Structures are given as structure tokens and as C-alpha cells.
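One structure is given below, encoded as C-alpha cells.
Since this is a predicted model, take the numbers as computed values, not measurements. Numbered from 1 within each chain, the chains take letters A, B, ... in sequence-line order.
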Number of protein chains: 2
Amino acid sequence: EKVVVTGVTADKDMAKIAIQKVPDRPGIAAKLFGALAREGISVHLIIQSIGEGNVTDVTIVLKREYMERAVEVLRRLSKQLKAQGVIFDANVAEVSIVGSGMVTEPGVAARMFRALAKRKINIELISTSHIRISCVIHKRHVREAVRAIHEDFKLGKLKRRLA
Amino acid sequence: EKVVVTGVTADKDMAKIAIQKVPDRPGIAAKLFGALAREGISVHLIIQSIGEGNVTDVTIVLKREYMERAVEVLRRLSKQLKAQGVIFDANVAEVSIVGSGMVTEPGVAARMFRALAKRKINIELISTSHIRISCVIHKRHVREAVRAIHEDFKLGKLKRRLA
Ligand SMILES: C[C@@H](O)[C@H](N)C(=O)O
Ligand SMILES: C[C@@H](O)[C@H](N)C(=O)O
């Protein structure tokens, strides 16, 4: 199936929050996100990577304006669950390439990561689906990141959107 | 914007692999995925959560048939990069809900996680985009997980696809 990258988007003014070392057992994710939902907090990305032992970290990326409320909710749960704690950063942006076909073909992902690497932009978080690869970077790099991907993927002027 | 979950899909016969404690600096993701790409290895999910200090883990989810080759590639790089090592598991399945609107509204995510929690299915990995929430679980739970989500989201018969 042909892989076609159709555009790059960026969300500035984002924040990342991680609740660290929560118990890695059924019901925990439901608890965390049930609590966020009850506060009306909207989330862009949910990222849970491989854990170690019987704990793991859960990271969310959301609009900067929701950060304090989300941190408050997660801290309360962190105590309840005897997790390690909550860390957060108010200075990130989310840059994504979207397309059809298997966008997560390593060749496509590698190309996006290389575009950022060439400009010395550190990739802080990665989350993907079949049609989208999202990288979270420091917000100071967002314009350069969008330009870089745009250039390296030779995307037409129409395809560049800064959200 | 109205959130509509339109279906649940499942990919059985998957594997997860993590390369642990790679340097968290520009160029590393490009290196890892460049190498996988050169081997022709196709990847379903790429997950990088919050790191600690100046290292982080990178997890991939891919078809079981590619696991050995991918582990080999990543082990070589792990030595080169002086990472902690590579861990893997050949027994996972990926279950996703797809839809329109902000599928990552905490309410929607919470509902999916609760569906799995009610059946005591542990969520091993989570990766999301605006239109898709993917959970990686042990493969023995896949049929039950699809049924659970189908029921709890009241999805019509048309909407359930086992890939
Ligand atoms: C950490 C969290 O995802 C947990 N494994 C759960 O299933 O809810
Ligand atoms: C770990 C990896 O994503 C690294 N931060 C990079 O930018 O390549």
C-alpha cells in the first residue's frame, strides 16, 4: 500500500504531564482517565510505554491551559495509588505528520525524525497511529520543526498547517 | 465537536519491543528507525513516553513475524549507544477504537479503559491520535477485549472488525 504523507500540523501551547510508577494492573488507566474526564479535562495524546517490574509511567499531552487542573487531579491519585509522583512541563509543542498508508513505515518515521535531528531538535515524546506520527518537542523549535518536515517531505504550500 | 466512536479493530499476532535507556538527545530516534527501515521492518506503533535524566525508552509494536529481526537490529544499536538493553514479548495484541472528533476526550478513553478493566484485562501499552486509541494487551484477551468494547460502546454489528 503506497504511503503518502499529506501534511504536517503543529499544536503550540501544549504541556506534558507524567504520573510516574503507577501500579501496572487492570483498572489503573480507567481510574486516571475517569478522574480527568470528570474534571472536563481534554487530552491530545495518551502515551504509555513499556513498564518495569509491576509499575509504569503514563504520560499525557494536553493544552497548556488545562495543565494545572490535570496536575492537581493526578497528584491526588498519585498519593492514593502510592505512585512515585507527577512531573510536568509547560513548554512543549506537538508536531505531527499525517498521511495515508502505513505512516509508521520505519522509512517514513525515520525521515521525520531525521528532519528534526538535522536541526538538532530533541524529540521528547513519540506517539503514532497508522495515519499519524506525533512528536513532542520544546515549543521554541516549533516553527523550525514544521519548516524542516515541510522541506524534507517536499510538501506543497497547501499542506502546511499551524494549528 | 461531537465525538463518535465508529469501530473497534484488533491486530493479533503482534510483538512489543523496547530499547531501554537510550540517550535522550537529537539523532537517536532517526538512528533507530533508519536502521529498522534499512532492514525493511514495518512497525505499527512507536511509543516514547517521558524519560528520566538524559535517557529514555523507545517501544515499538510490530507484527510478530518481524520480531526477531527487529530485536537483532536494536540489540546492535543498544551496544553502540551504550543503552541498557532490549526487552521484548511475542504475545501481544493491539486493540483500537477509531472514530471522529476528539477520540482522546478523557471520557472516551476512560470508557475504553474501563471496558478492559471490568474484564480484568491489563493494558500494557497505550498510544493515541485524535481519531484512534490503541491499547496493547496480552493476546489471550483479544477476543474478550473486542467484545467488551463492542458492548460498552454499543457498536453495531457492522463496526466490529478483527484484522
Ligand atoms: C498502567 C495502566 O495502563 C494499567 N496497566 C491498566 O491496565 O489500567
Ligand atoms: C530518544 C530519542 O527520541 C531522542 N530524544 C531523539 O530526539 O532522537
Side-chain angles (χ1 to χ4, degrees), chain A residues 16 18 20 24-52 56-59 87 96 102 104-111 113-135, chain B residues 16 18 20 24-52 56-59 87 96 102 104-111 113-135:
Chain A
K16 63 179 180 182
Q20 301 174 297
D24 191 359
R25 62 167 189 258
I28 301 298
K31 197 171 176 67
L32 298 176
F33 290 90
L36 289 169
R38 281 190 297 277
E39 295 287 322
I41 296 165
S42 180
V43 164
H44 273 230
L45 299 177
I46 301 169
I47 301 174
Q48 178 184 322
S49 188
I50 267 185
E52 203 138 34
T56 190
D57 300 343
V58 180
T59 299
I87 56 177
S96 304
M102 274 294 279
T104 42
E105 284 297 325
V108 178
R111 198 169 169 190
F113 302 154
R114 214 162 25 240
L116 299 176
K118 283 200 334 207
R119 283 86 176 173
K120 306 260 184 294
I121 296 169
N122 194 44
I123 299 164
E124 303 186 5
L125 304 172
I126 302 170
S127 186
T128 62
S129 74
H130 288 218
I131 58 166
R132 186 183 189 106
I133 302 176
S134 295
C135 287
Chain B
K16 63 178 179 182
Q20 300 174 298
D24 191 0
R25 61 167 189 257
I28 301 300
K31 195 171 177 71
L32 298 176
F33 290 90
L36 289 170
R38 281 191 296 278
E39 294 287 321
I41 296 165
S42 181
V43 163
H44 273 229
L45 299 177
I46 301 169
I47 301 173
Q48 178 184 323
S49 187
I50 267 184
E52 203 138 33
T56 191
D57 301 342
V58 180
T59 300
I87 57 178
S96 303
M102 275 293 278
T104 42
E105 283 297 325
V108 177
R111 198 168 170 191
F113 303 154
R114 213 161 28 238
L116 299 176
K118 285 204 328 216
R119 283 85 176 174
K120 304 261 187 292
I121 297 169
N122 193 45
I123 299 164
E124 303 186 7
L125 304 171
I126 303 169
S127 186
T128 64
S129 74
H130 287 218
I131 57 166
R132 188 184 187 103
I133 302 177
S134 296
C135 286

Task: Distance (rounded to the nearest 0.5 Å) between A:Thr56 OG1 and B:Leu125 CG - done: 8.0 Å
TODO: Using a cut-off of under 4.5 Å on heavy-atom pairs, state which of B:Ser127, B:Cys135, B:Gly27, B:Gly34 scores highest against chain A.
DONE: B:Ser127
Task: Options A:Ile123, A:Val58, A:Ile28, ranked by heavy-atom pairs under 4.5 Å with chain B, top entry - done: A:Ile123
TODO: Under 4.5 Å, counting heavy-atom pairs only, tell me which of B:Ala37, B:Ser49, B:Ala117, B:Ala110 racks up the most with chain A.
DONE: B:Ser49
Open item on the list: So which atom in B:Ala109 and which in A:Ile46 form the shortest heavy-atom distance, rounded to 0.1 Å?
Closed with: CB-CD1, 3.7 Å
Open item on the list: So for A:Glu52, is it side chain, backbone, both, or neither that comes closer than 4.5 Å to the heavy atoms of chain B?
Closed with: side chain
Task: Structural part of A:Leu36 lying under 4.5 Å from a heavy atom of chain B - done: both
Task: Between NE2 on residue A:His130 and CG on residue B:Leu45, distance to nearest 0.5 Å - done: 6.0 Å
Task: Side chain proximity check, A:Phe33 to B:Ile133, heavy atoms < 4.5 angstrom - done: no
Open item on the list: Closer than 3.5 angstrom, by distance alone: can the side chain of B:Gln48 be matched with the main-chain N or O of A:Glu124 as a donor-acceptor pair?
Closed with: yes
Open item on the list: Counting heavy-atom pairs under 4.5 Å with chain A, which one of B:Ile50, B:Ile47, B:Thr59 comes out on top?
Closed with: B:Ile50
Task: Segment of B:Leu116 engaging chain A (4.5 angstrom heavy-atom cut-off) - done: neither
Task: Contact leader toward chain B among A:Asp57, A:Ile87, A:Asp24, A:Leu32, where contacts are heavy-atom pairs under 4.5 Å - done: A:Asp24
- [ ] May I have the step-by-step check of side chain to side chain contact (heavy atoms under 4.5 Å, CB included) for A:Ile131 and B:Ile131, ending in yes or no?
- [x] CA-CA 10 Å; A:Ile131 58 166; B:Ile131 57 166; 3.2 Å; yes
